[in-house]
Every structure is written in structure tokens, then in C-alpha cells.
S.K.: 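Got a structure for you, written out below as C-alpha cells; questions coming shortly.
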Protein chains: 2
Amino acid sequence: MLSKSAEYALRATIYIALKGSEDNKLGIDEIAKAIDSPQYFTAKILQLLTKNNGVVSSVRGPNGGFYLSDAARKLPVRAVLEAVGEDGIITKCVLGLKECSESRPCPMHDQYRAIKAQLRQMFEKTTIQALAEESAKGKIVINNRPPKKKA
Amino acid sequence: MLSKSAEYALRATIYIALKGSEDNKLGIDEIAKAIDSPQYFTAKILQLLTKNNGVVSSVRGPNGGFYLSDAARKLPVRAVLEAVGEDGIITKCVLGLKECSESRPCPMHDQYRAIKAQLRQMFEKTTIQALAEESAKGKIVINNRPPKKKA
DNA sequence: TAAAATAAAGATAAAAATATCTTTTATTAG
DNA sequence: CTAATAAAAGATATTTTTATCTTTATTTTA
Ligand code: FES
Ligand code: FES
């Protein structure tokens with residue numbers, strides 16, 4: 001479905017939205033551990049997210065790290081996909097034809113149309129903040145670590 | 001969304017269903033041209049489809065080639081995905097967590113649930129034959145070549 | 001101002017996916 | 001039985017993705 005890059009990008013962004021703020025910036029080591037991703041690779045991805053369209057903000061030096069501006073929190077999830085070049089999922093033909101269109105539909109187009117619209121809706125109408133809030137409420141999980149044992 | 005392998009697998013299978021039969025087997029060169037795919041790579045994929053679960057049948061030698069049995073035509077599209085190891089699209093977590101479950105949902109799980117169910121429905125309830133029939137009726141297209149000019 | 005912290009940038013490596021070419025095997029037609 | 005045909009199998013190559021390591025630049029604090 002999505003590339004590893006996109007998955008890490010989404011998980012990292014959600015985590016930063018959830019735990020970080022302008023005066024509590026998060027380090028790459030913390031982030032990678034929290035979302036269970038390879039640290040160096042995740043760092044590269046966060047660079048994309050800061051450069052490509054400012055989804056993520058960063059500062060270097062002591063107490064530096066990553067955080068999300070208020071504006072960034074309101075961005076649609078699609079912005080994250082775009083930053084890592086993965087928004088094809090809501091534009092491309094499911095059979096890999098160069099164009100997905102009503103005028104030259106592939107054999108799956110009719111069936112896929114509605115699904116694609118929902119994918120688009122999901123990625124465009126959902127904000128980063130909304131996912132963070134979803135994540136904040138309870139049992140929602142963002143990594144692969146086993147659940148904490150009850151004491 | 002899907003890998004190139006899966007895309008070629010689907011397009012090839014649909015084409016074979018549409019144009020081939022037990023007494024009109026199709027050669028790999030024809031198939032690759034028809035679906036606009038790299039010939040040798042497509043050959044490898046068809047090998048998977050013949051070995052892994054008999055979606056496609058083949059015979060060597062003169063007048064040999066690929067075709068679909070009547071039984072194969074009734075298989076769900078998912079069988080093609082399985083043969084190329086790409087059915088994760090209807091099982092995996094959209095954020096790449098090891099498990100997608102109600103008990104440990106990721107932040108997108110609630111929204112993705114319905115979409116995933118529809119993807120599953122599409123790939124499991126649609127038969128190869130159904131796609132071929134869809135393809136047979138008119139303007140449906142399965143390659144990237146420009147439309148034929150009206151004379 | 002020096003040292004430490006931290007991300008950015010750049011270089012390299014490893015793995016996976018995609019693609020091509022060559023050799024072998026099965027099948028058919030003659 | 002032989003030659004021709006076509007897929008299967010195997011080998012190799014290329015590209016892309018994923019991952020890691022090293023060096024540099026920036027920022028803060030002491
Ligand atoms: S043309 Fe294939 S999904 Fe639209
Ligand atoms: S847990 Fe992520 S989609 Fe179900």
C-alpha cells in the first residue's frame with residue numbers, strides 16, 4: 001500500500017504532533033524509538049518533511065529537535081504523503097496504467113472509483129491534529145512493541 | 001498501491017482471459033505487447049501464476065502459450081495477487097504496523113477499516129472472468145497506448 | 001568564547017524490486 | 001526422428017528503496 005518511507009513519515013508526524021511542541025522539541029532518537037523505525041532512515045524522512053513543505057519544523061543544537069507548528073497541525077494527512085512523494089495512492093490507476101480516467105478506464109476502474117474517492121477523502125479531510133487526538137485517546141498504538149503488562 | 005509485478009500480473013491475466021482459450025493459447029510476446037509491459041519480466045510473473053496456484057495454464061512448444069481454464073476464470077482477483085505475493089493490500093495496517101487489529105488499532109484504523117473492507121470485497125468477490133467481461137464491453141482499456149484514431 | 005548538543009547534509013552500503021539475457025526442457029509438426 | 005517453437009529455469013544486470021555511517025553546520029549553555 002504505502003512505502004516504508006510514507007509509513008515512517010506518518011507515524012513520526014503523528015508522534016511529534018502528539019508528544020512535541022515548540023517548547024518541547026523531540027530528538028530523532030526518541031522519535032525513532034517511539035515509532036519503532038530505523039533511526040537514520042527516519043532522520044532522512046524528517047528532513048524531507050521539513051524541507052519539502054514545512055510539515056515538520058526543526059531546530060538544531062541543545063534543546064533542539066522536531067515539532068509541529070499550529071499551522072502544520074491543521075494540514076491534511078495528504079501533505080505528509082506529498083512530502084515523501086507518495087500521494088500516488090489517491091491519483092493512480094490500480095492496474096498501473098499511466099492515466100486513471102473515466103474516458104479510458106481500466107477493467108477495475110468502475111469498482112475502484114468509490115474506493116479511491118474514500119482514500120482521497122481520508123487523506124485530504126483528516127488533519128494531522130485529528131490523528132494525534134485519535135492517538136491520544138486510549139488504546140491507540142503507533143509502534144510494534146508489545147502492550148505494557150498490567151502490574 | 002500495488003507493485004509492478006502485481007499490476008502486470010493482473011493486466012496479463014485479464015488479457016489472457018479475454019483473448020485466449022485452450023485452443024488459442026497466447027504467446028508471451030503477444031501478451032507483453034498487448035498490456036504494454038516488459039516482456040521478460042512479464043514472463044517471470046506468468047511463471048509465478050502458473051506455478052503458485054494454477055491461475056494461468058501454459059504449454060510449451062509450437063502452438064503453445066498461455067490460457068485460462070474455466071475453473072481459473074472463476075477465481076477471485078485476489079488469487080492473482082496471492083500468486084505474486086501482493087495480497088498484503090487487504091490485510092496490512094495502513095501505517096505499517098505488524099498487526100492490524102481492533103484490539104491494537106493505529107490512529108488511522110477506524111477510518112481505514114471500511115476502505116480495507118471494500119478493497120477486500122473488490123478483490124475477493126470479483127472474478128477474473130468478470131474483469132475480462134468488463135474489458136470486453138467497449139471502451140475499457142488495459143494498456144498505455146494512445147486510442148486508435150477514428151478513420 | 002568554547003564545548004556540547006543536535007539536526008542537516010553527504011557518502012556509502014545493503015536489500016529488494018524490476019528488467020534482461022541465456023540455456024534448458026517440453027511439445028508439436030513434418 | 002528431427003527441426004522448430006515456445007515456455008521454464010537459471011543467471012546476470014540495473015534501478016529503486018531502505019538503511020547506516022560520517023562530516024558539517026547551527027544553536028545553546030556554561
Ligand atoms: S483507470 Fe484504472 S483505476 Fe481508473
Ligand atoms: S491497525 Fe493500522 S489500519 Fe488497522
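Lettering follows sequence order; numbering is per chain, from 1.
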S.K.: Whole Å only: how far is the OH atom of A:Y67 from the C1' atom of D:dT27?
M.R.: 13 Å

S.K.: In whole angstroms, how far is the P atom of D:dA19 from the CD1 atom of A:I35?
M.R.: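 It works out to 11 Å between those atoms.
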
S.K.: Would you indicate what A:I45 reaches in the nucleic acid, counting non-hydrogen atoms under 4.0 angstrom: base, sugar-phosphate, or nothing?
M.R.: nothing

S.K.: Identify whether any heavy atom of A:I28 sits under 4.0 Å from a base atom; if not, whether one sits that close to sugar-phosphate; answer base, sugar-phosphate or nothing.
M.R.: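 Here A:I28 touches the backbone only, sparing every base.
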
S.K.: If the cut-off is 4.0 Å, is A:N63 near the phosphate of D:dT29, judged by side-chain N/O to OP1 or OP2?
M.R.: yes

S.K.: Give the rounded distance in Å between these two atoms: CZ of B:F41 and P of C:dA17.
M.R.: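 Nearest whole value for this atom pair: 10 Å.
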
S.K.: Whether the side chain of B:R11 engages the backbone of B:S37 through a donor-acceptor N/O pair (distance < 3.5 Å, no angle test) should be reported.
M.R.: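 Checking the backbone N and O of B:S37 against the side chain of B:R11, no donor-acceptor pair under 3.5 Å is found.
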
S.K.: May I ask you to verify if any side-chain N or O of A:Y8 is less than 4.0 angstrom from the OP1 or OP2 atom of D:dA19?
M.R.: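 Answer is yes, contact under 4.0 Å.
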
S.K.: What is the nucleic acid contact for A:K25, judged by heavy atoms within less than 4.0 Å: base, sugar-phosphate only, or nothing?
M.R.: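 Nothing, no nucleic acid heavy atom in range.
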
S.K.: Please check this pair: side chain of B:R73 against backbone of B:Q129, looking for a donor-acceptor N/O pair closer than 3.5 Å.
M.R.: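 Not a single qualifying donor-acceptor pair exists.
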
S.K.: Considering just the side-chain nitrogens and oxygens of A:S58, establish if one lies under 4.0 Å of OP1 or OP2 belonging to C:dA8.
M.R.: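 Indeed, a polar side-chain atom of A:S58 lies that close.
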
S.K.: Take a 6.0 Å sphere around NZ of A:K25 and say whether it holds more than 12 heavy atoms from other residues, nucleotides or ligands.
M.R.: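 Count over threshold, so yes.
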
S.K.: How many whole angstroms separate atom CD of B:E30 from atom C1' of D:dA7?
M.R.: 15 Å

S.K.: Step through the shown structure and confirm whether more than 12 heavy atoms of other residues, nucleotides or ligands are within 6.0 Å of CD on A:E99.
M.R.: no

S.K.: Distance-only, no hydrogens or angles: does the A:N24 side chain make a donor-acceptor pair with backbone N or O of A:K19 under 3.5 Å?
M.R.: yes

S.K.: Considering only C:dT25, C:dA9, C:dA8, which nucleotide approaches the side chain of A:T50 most closely?
M.R.: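 Looking only at heavy atoms from C-beta outward on A:T50, the closest nucleotide is C:dA8.
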
S.K.: Please state how far atom CD in B:Q47 lies from atom P in D:dA11, giving the value in whole angstrom units.
M.R.: 13 Å

S.K.: When the nearest nucleotide of DNA chain D is assigned to B:K51 and to A:P38 on a heavy-atom basis, which residue is associated with the more 5' position?
M.R.: B:K51

S.K.: Starting from C1' on D:dA7, measure out to CZ on B:R60 and report it in whole angstrom.
M.R.: 6 Å

S.K.: Among the candidates D:dT18, D:dT5, C:dT18, find the nucleotide nearest to the side-chain atoms of A:K4.
M.R.: D:dT18

S.K.: Expressed as a whole number of angstroms, how long is the span from A:L49:CG to C:dA7:C1'?
M.R.: 14 Å

S.K.: Could you say whether A:G61 or B:E86 is positioned toward the 5' end of DNA chain C, judged by the nucleotide with the nearest heavy atom to each?
M.R.: A:G61

S.K.: If you go through the side-chain atoms of B:Q39, does one of them form a donor-acceptor pair with the base of C:dA19 closer than 3.5 Å?
M.R.: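 No, the side chain and the base share no sub-3.5 Å donor-acceptor pair.
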
S.K.: From the list D:dA9, D:dA8, C:dT22, which nucleotide is the closest neighbour of the side chain of B:K44?
M.R.: D:dA9

S.K.: Measure from the side-chain heavy atoms of A:Y40 and tell me the nearest of C:dA7, D:dC21, C:dT20.
M.R.: D:dC21

S.K.: Can you tell if the side chain of A:I35 reaches within under 4.5 Å of the side chain of B:L95, non-hydrogen atoms only?
M.R.: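 Answer no - side chains too far apart.
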
S.K.: Nearest heavy atom decides the nucleotide; on that basis, is B:G65 or A:S3 closer to the 5' end of DNA chain D?
M.R.: B:G65

S.K.: For A:S5 and D:dT17, is the shortest distance between a side-chain N/O and OP1 or OP2 below 4.0 Å?
M.R.: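 Checking D:dT17 against A:S5, no side-chain N or O comes under 4.0 Å of OP1 or OP2.
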
S.K.: Take atom CG of A:L2 and atom C1' of D:dT17, then tell me their distance rounded to the nearest Å.
M.R.: 14 Å

